[in-house]
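The chain is numbered in sequence order, starting from 1.
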Amino acid sequence: MKKINKSIKLIALLVACLAIPSLAGAQVIKNAYFNIDWQLNSPFGQDFSDKTSGWGAHFEGGYYFTPNISGGLFLSYHTNNKYIDRQTLPVSSTSVITADQQHSIFQLPFGAVFRYNFAPEGQFQPYLGAGLGASYSEMSSYMNVLKVYDRNWGFYVAPELGMNIYFTPQKQFGLHVAAYYNYATNKGDVLNYSIDGLNNWGIRLGVAF
């Protein structure tokens, strides 16, 4: 619960900061862009917690150095859960645990992002992007009042295909939609479960400033 509350406070702070351009009625920084997105995430390549989830968000801001090429920063948040029926698990050579479980993988990647905008002058702006950075992850198993977890870090890379759709020629406010894939090198072990790398694909839907 504390982790969730901290994440909500962080997201609220970032939303407030990134919303400043819209409150001002014009871009605060010329050639800058900001995206705030809801995120749908679907893990694959591991069976610890592989259920598709909409418990995520993505925040991004950047600057166009040329009409087509930009660089900036991003931060994402996501949680995927999976229920495991009651079973008996060996925890050592002389002991076992019998319980049902709620598996959870919390991911918090952040770093640098780069874009190539195919139509910088239009209200419809398709782009190809890529994010590079670090990924914090917590791999957890909840069994009633007991929690077993492994916290770890890894390198993160994420190609993305998306579009900003602006409502006016001034391009002050619009919609953002994107499809992405990401991979992180995080490794973790909980009970007799192991993860070697995190693979995800999904979509983002939000607003563009």
Side-chain angles (χ1 to χ4, degrees), residues 3-43 52-80 106-136 156-184 200-209:
K3 178 182 70 177
I4 295 175
N5 289 336
K6 288 181 180 179
S7 298
I8 292 173
K9 291 178 181 178
L10 176 60
I11 290 171
L13 177 61
L14 289 171
V15 168
C17 292
L18 294 179
I20 290 175
S22 65
L23 296 175
Q27 286 182 317
V28 173
I29 304 175
K30 187 179 180 181
N31 299 326
Y33 75 88
F34 301 90
N35 291 137
I36 304 173
D37 298 308
W38 165 76
Q39 181 171 277
L40 179 73
N41 185 69
S42 185
T52 300
S53 165
W55 292 99
H58 180 84
F59 309 93
E60 185 176 322
Y63 181 83
Y64 277 94
F65 303 105
T66 73
N68 300 97
I69 300 173
S70 70
L73 300 173
F74 77 92
L75 171 70
S76 289
Y77 154 86
H78 215 98
T79 299
N80 297 87
F106 170 79
Q107 299 178 67
L108 185 71
F110 58 91
V113 65
F114 306 92
R115 284 186 180 183
Y116 183 86
N117 190 338
F118 293 98
E121 301 301 325
Q123 291 177 235
F124 294 84
Q125 298 187 354
Y127 68 86
L128 183 65
L132 299 171
S135 177
Y136 167 80
Y156 176 91
V157 59
E160 176 181 313
L161 180 63
M163 178 180 290
N164 284 330
I165 305 169
Y166 293 101
F167 298 135
T168 66
Q170 290 74 29
K171 297 186 283 291
Q172 294 178 358
F173 183 76
L175 298 177
H176 175 245
V177 60
Y180 69 89
Y181 162 79
N182 61 49
Y183 171 74
N200 305 269
W201 68 270
I203 59 173
R204 298 186 178 115
L205 179 63
V207 293
F209 302 109

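Here the side chains of N164 and Y166 are in contact, with some heavy-atom distance below 4.5 Å. No side-chain heavy atom of H58 sits under 4.5 Å from any side-chain heavy atom of I36.
Shown here for P126 and M163, the closest heavy-atom pair between the two residues is CB-CE, 3.8 Å. In terms of heavy atoms, F118 sits closest to L128 at CE1-N, 3.7 Å.
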>> Please evaluate residues F167 and L175 with respect to the criterion side-chain contact (heavy atoms from CB on, under 4.5 Å), reporting the C-alpha separation (whole Å), side-chain torsions for both, the decisive distance (0.1 Å), and the verdict.
In response: CA-CA 8 Å; F167 298 135; L175 298 177; 3.8 Å; yes

> Is there a ring pair (Phe, Tyr, Trp, His ring centres under 6.0 Å) between Y33 and F209 once you walk through the steps?
Replying inline: CA-CA 6 Å; Y33 75 88; F209 302 109; over 10 Å; no

>> Show, in sequence, the C-alpha distance, side-chain angles and deciding distance for V207 and F173, and conclude whether the side-chain contact (heavy atoms from CB on, under 4.5 Å) test is met.
In response: CA-CA 7 Å; V207 293; F173 183 76; 3.9 Å; yes

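Separation of atoms OH (Y63) and NZ (K30) is listed at 8.0 Å; rounding is to 0.5 Å. Interatomic distance, L205 CG to L40 CG, rounded to the nearest 0.5 Å: 10.5 Å. How far CD of Q107 is from OH of Y136: 11.5 Å, rounded to the nearest 0.5 Å. Once rounded to the nearest 0.5 Å, the distance linking OH of Y116 with OH of Y64 reads 11.0 Å. To the nearest 0.5 Å, atom CG of residue L108 and atom NE2 of residue H78 are 12.5 Å apart.
Counting only residues at least two apart or in different chains, salt bridge (Lys or Arg N to Asp or Glu O under 4.0 Å) contacts with residues 115-133 comprise E60-R115.
Checking side-chain atoms of Q39 against main-chain N and O of R204 turns up no donor-acceptor pair under 3.5 Å. Judged purely by atom type and a 3.5 angstrom limit, S53 uses its side chain to pair as donor or acceptor with the backbone of T79.
A158 meets the side-chain contact (heavy atoms from CB on, under 4.5 Å) test with Y156, N182; sequence neighbours excluded.
Relative ring orientation between Y127 and H176 is described as parallel, the plane-to-plane angle staying below 30° on a 0-90° scale split at 30° and 60°.
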Can I get a per-line list of side-chain donor-acceptor pairs under 3.5 Å for residues 65-75, giving both atom names and the distance, sequence neighbours left out?
| from | atom 1 | to | atom 2 | distance (Å) |
| --- | --- | --- | --- | --- |
| T66 | OG1 | N68 | N | 3.3 |
| T66 | OG1 | I69 | N | 3.0 |
| N68 | ND2 | N117 | O | 2.7 |

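Among the candidates Y180, W55, Y77, the single residue satisfying the side chain to side chain donor-acceptor pair (under 3.5 Å) test with N41 is Y180.
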